[in-house]
A.B. asks: 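One structure coming up, written as structure tokens, with questions to follow.
What's counted below: heavy atoms across the whole structure, side chains too, no hydrogens, waters or symmetry copies.
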Amino acid sequence: MFLLLIISQLTQAQSNGSKIISVDTSSSGGENSQLKNTLRPMIDSTQIMLNLEELPESANNSVKKLNVRRMDVKNLLRGLGREYDLNMIVDNDIKQRATVRLSNLPAMEAVVHICEEYGLQISQSGQVFRIGKYTPPKPKKKPRIPDITRTDSLLTFDLKGNELKNVVRRVSEITGENIVIRNGVSGRVSGFLQDVPFQQGMNTILKNSGFIIREREGIYTVDRSGRSMSKNGEDNGKSFWVNVNDGLISMDVTKAKIPALIREIAFQTNVNLINYELPQGRITAKTTDLTLEETLAYLFRGTNVTYRKENDIYIIGDKSTSGIATNELIELQHIRADVAIGLIPQSIIQGATVKVVKEQNGLMVIGTNDIILELKSFIEEIDHPTPQILIEALVVDLKSTDLFELGATLGYSQQPDSGFASGTFATFMEDGLTIQGDGPSANSLFEIDGDLFGINNLGVLPDDFYYRINALSQEGVMNVRSRPQISTLNGHKASIEIGTTQYYILKSSTPLKSQQDVVVQEDERFETIEANVSLEITPWVSASGGVTTEIHPEFNTPVGDLNSDVPPTIQSRVLDSTVRLKDGETIVLGGLIQEKKIRNLNKVPILGDIPLLGKLFTNRSTDKQKSELVIFLTPHVFYGDDSDSRRWRELREDLDVDIEK
């Protein structure tokens with residue numbers, strides 16, 4: 001068979017100008033172990049791939065002489081396979097021509113030499129040998145060691161497109177820090193930094209190349225930063241960055257899948273998460289320092305998915321899932337729970353049950369976590385200390401009195417009071433002059449032959465005569481009607497009322513007609529009338545600290561003496577005003593004026609009625625009274641902070657109130 005092949009090749013070779021010099025197809029068996037020793041140094045991992053333990057016995061058949069020139073290699077190999085009973089599959093793409101002269105060597109060795117000489121690859125699969133073109137593998141480039149050096153505890157970076165994994169390995173080697181790269185994260189790092197601490201240097205150099213490094217329990221993890229890259233290393237305009245620091249979550253994501261985002265959050269927070277259902281879709285968000293509960297609430301907003309926390313496990317599922325609802329007591333710090341529940345919009349608590357717990361001043365909420373979180377956020381907005389306002393009021397009745405008194409009091413035998421002293425003397429008082437004396441002292445002024453004011457010889461007065469001359473001018477009296485101090489909460493009305501209740505008898509007659517005559521029935525009953533001093537104040541504190549105050553003072557005063565038989569006359573003075581004050585500022589409200597004039601006449605009986613001469617025995621006085629009601633108001637605002645104690649003490653000292661009490 002091989003001879004026929006050689007003759008065929010000879011004919012083809014002659015047509016091409018080449019010829020076969022000699023060939024000997026005789027064969028003989030040999031030692032297989034010797035062949036193994038011969039082939040073992042020739043085996044290469046990429047070109048000559050033989051399993052010496054599975055070589056067939058025919059591979060050791062000896063080729064006595066092989067001498068060909070410019071013969072087609074694939075036909076030469078196929079001829080050797082047929083002649084020496086070797087199972088060979090030769091690739092048709094082999095185009096080389098061979099000039100070979102071999103003698104006295106095993107057939108398998110001859111095949112291996114031909115493959116090596118003409119750049120062919122031979123591989124073995126069991127008892128079958130495959131021969132084809134050989135393409136040498138490209139030599140692997142040795143990774144360039146990143147230029148990172150350490151001096152004391154400072155690092156110097158000089159990186160020019162170095163592989164991230166090589167940079168991390170080099171830093172870990174020279175610093176001894178444990179650094180790992182998140183699965184699927186790769187890229188190149190560039191930048192130059194000189195003499196920087198480890199953490200500062202790694203944060204800066206990695207962030208500059210689109211990476212971030214996090215530390216947990218002494219192990220650093222390198223991850224991709226906010227911008228994601230395509231396979232060729234270009235920015236694709238999307239971001240997927242999540243970072244957890246001290247339990248607070250920050251993220252910057254663009255069109256990120258919600259399930260992937262939740263998995264990333266769970267990985268970094270290291271929480272136990274059970275997902276029965278996750279919302280599908282994508283989200284674009286940029287948040288900073290949110291709690292896990294707040295982050296989940298935002299991710300699930302507008303969906304039918306919610307979560308429940310049981311101990312340290314977060315269970316995520318559809319709102320209709322049995323057992324997904326939870327309950328929580330929201331305690332209020334400043335406002336009353338029964339007031340707060342009336343302020344909650346129905347849109348927030350729709351689908352939940354909210355009950356007031358008076359003993360705890362709280363709201364018990366039964367519902368999904370998204371409702372509870374939204375309700376807590378609303379409560380935080382309204383649960384602030386309510387300002388307390390102390391209104392310091394001073395109500396003064398200013399009486400402007402013009403009193404003029406001029407007259408003389410004369411008497412005989414009985415002196416007007418026990419304090420009337422003998423002799424004549426004058427008393428100068430702050431508001432007038434009083435001159436008094438007796439008969440002997442007056443006689444000395446009108447002695448015989450004497451002359452007083454051009455009058456002489458008036459006679460002699462008895463010893464038991466007395467006289468008193470008054471010259472008095474008086475005006476101005478201030479009466480403090482009340483000094484209330486009222487405390488109330490912001491927006492609540494405070495009032496104080498002081499006064500008396502006057503009773504009087506009301507008589508009524510009712511005619512009753514009988515068959516024969518008319519009978520009058522008389523009834524008597526007690527009626528009451530109030531004579532009170534009241535003050536109502538309603539303050540509001542604005543955000544700027546100003547106090548808007550509604551004031552309603554009312555003063556009802558009886559006129560004259562009280563008589564149970566006659567209803568008393570009540571004089572009323574009422575004021576309504578709305579003013580705006582600052583904390584500690586005083587405002588004066590006035591204008592409630594009342595005026596009256598009183599004339600008094602004092603005279604000596606009988607003598608005072610004598611025409612003309614009676615004026616000497618008469619004392620007249622005129623009293624004009626004008627009163628104005630003036631109100632002084634000063635608000636003091638307390639916010640329930642640390643300065644309240646000091647401000648209370650200072651105020652009580654100003655008001656002269658015993659602090660110990």
Side-chain angles (χ1 to χ4, degrees), residues 1-140:
M1 181 68 70
F2 185 55
L3 181 59
L4 294 176
L5 176 62
I6 294 302
I7 293 173
S8 173
Q9 290 295 321
L10 177 60
T11 303
Q12 184 176 359
Q14 287 178 348
S15 65
N16 293 329
S18 61
K19 62 180 181 180
I20 299 176
I21 298 175
S22 65
V23 61
D24 187 353
T25 60
S26 60
S27 61
S28 61
E31 292 293 335
N32 205 14
S33 59
Q34 185 179 355
L35 176 61
K36 293 179 182 180
N37 294 331
T38 303
L39 294 178
R40 187 170 284 111
M42 303 172 65
I43 293 176
D44 183 81
S45 60
T46 57
Q47 184 178 359
I48 308 301
M49 296 175 287
L50 299 176
N51 186 355
L52 299 180
E53 301 302 326
E54 295 185 2
L55 289 177
E57 291 293 334
S58 58
N60 198 41
N61 291 335
S62 177
V63 177
K64 293 297 184 179
K65 185 183 294 185
L66 176 62
N67 191 357
V68 296
R69 183 180 179 186
R70 295 187 59 80
M71 185 177 180
D72 189 81
V73 174
K74 63 177 177 292
N75 291 331
L76 176 61
L77 293 172
R78 288 170 180 168
L80 290 173
R82 292 189 186 98
E83 182 65 23
Y84 295 102
D85 198 18
L86 297 174
N87 297 316
M88 289 194 299
I89 300 175
V90 183
D91 192 352
N92 285 327
D93 291 338
I94 298 175
K95 302 299 183 182
Q96 293 99 321
R97 292 185 175 274
T99 298
V100 179
R101 184 178 183 279
L102 299 173
S103 61
N104 296 322
L105 75 166
M108 195 69 242
E109 185 179 351
V111 171
V112 170
H113 280 294
I114 294 172
C115 290
E116 282 186 336
E117 181 67 23
Y118 293 99
L120 302 178
Q121 184 182 50
I122 180 172
S123 61
Q124 179 183 354
S125 177
Q127 299 291 315
V128 178
F129 301 95
R130 297 177 181 274
I131 300 175
K133 289 183 178 180
Y134 172 62
T135 301
K138 294 181 180 180
K140 294 183 179 180

A.B. asks: At what distance, to the nearest 0.5 angstrom, does CD of Q34 lie from CG of N60?
C.D. replies: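 Going from CD on Q34 over to CG on N60, the span is 7.5 Å.
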A.B. asks: Can you name the side chain to side chain donor-acceptor pair (under 3.5 Å) partners of D93, sequence neighbours left out?
C.D. replies: none
A.B. asks: I need the N104 CG to K64 NZ distance, nearest 0.5 Å.
C.D. replies: 5.5 Å
A.B. asks: If you take all heavy atoms of V90 and K74, which pair is closest and at what distance?
C.D. replies: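 Answer, listing the atom of V90 first, then K74: CG1-CB, 3.6 Å.
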A.B. asks: Test side-chain contact (heavy atoms from CB on, under 4.5 Å) on I114 and L80; report intermediate values, then the result.
C.D. replies: CA-CA 11 Å; I114 294 172; L80 290 173; 3.8 Å; yes
A.B. asks: Are side-chain heavy atoms of L52 and L39 found at a separation under 4.5 Å?
C.D. replies: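 Side-chain contact under 4.5 Å: yes.
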A.B. asks: Applying side-chain hydrogen bond (donor to acceptor under 3.5 Å, both in side chains) as the test, list every pair that has at least one member in residues 106-130; sequence neighbours left out.
C.D. replies: E109-H113
A.B. asks: So which atom in A107 and which in V63 form the shortest heavy-atom distance, rounded to 0.1 Å?
C.D. replies: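 Taking A107 first and V63 second, the nearest heavy atoms are CA-CG2, 3.8 Å.
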A.B. asks: Report the distance from atom CD1 of I43 to atom CG of N51, rounding to the nearest 0.5 Å.
C.D. replies: 8.0 Å
A.B. asks: With sequence neighbours left out, what residues match P137 under side chain to side chain contact (heavy atoms under 4.5 Å, CB included)?
C.D. replies: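 Partners of P137 by the side chain to side chain contact (heavy atoms under 4.5 Å, CB included) criterion, ordered by chain and then number, come out as T46, Y134.
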A.B. asks: Suppose we screen for side chain to side chain contact (heavy atoms under 4.5 Å, CB included). Which residues come up paired with L102, at least two apart in sequence or across chains?
C.D. replies: L66, V100, L105, A110
A.B. asks: Is it true that a side-chain atom of T99 and a backbone atom of R70 form a donor plus acceptor pair closer than 3.5 Å?
C.D. replies: yes
A.B. asks: Which heavy atom of I94 sits nearest a heavy atom of G132, and at what distance?
C.D. replies: CD1-CA, 4.1 Å
A.B. asks: Can you check whether F129 reaches P56 side chain to side chain, under 4.5 Å on heavy atoms?
C.D. replies: yes
A.B. asks: What pairs with N92 under side chain to side chain donor-acceptor pair (under 3.5 Å), at least two apart in sequence or on another chain?
C.D. replies: R78
A.B. asks: Do you know which two heavy atoms are closest between V111 and M88, and how far apart they sit?
C.D. replies: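 Heavy atoms of V111 and M88 come nearest at CG1-SD, 4.0 Å.
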A.B. asks: A side-chain contact here means heavy atoms from C-beta on lying under 4.5 Å apart; do V73 and R97 qualify?
C.D. replies: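 The answer is no, as the side chains (C-beta and beyond) never meet within the 4.5 Å cut-off.
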A.B. asks: Measure the CE-CG distance between M71 and L77 for me, rounded to the nearest 0.5 Å.
C.D. replies: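 Here the interatomic distance stands at 9.0 Å.
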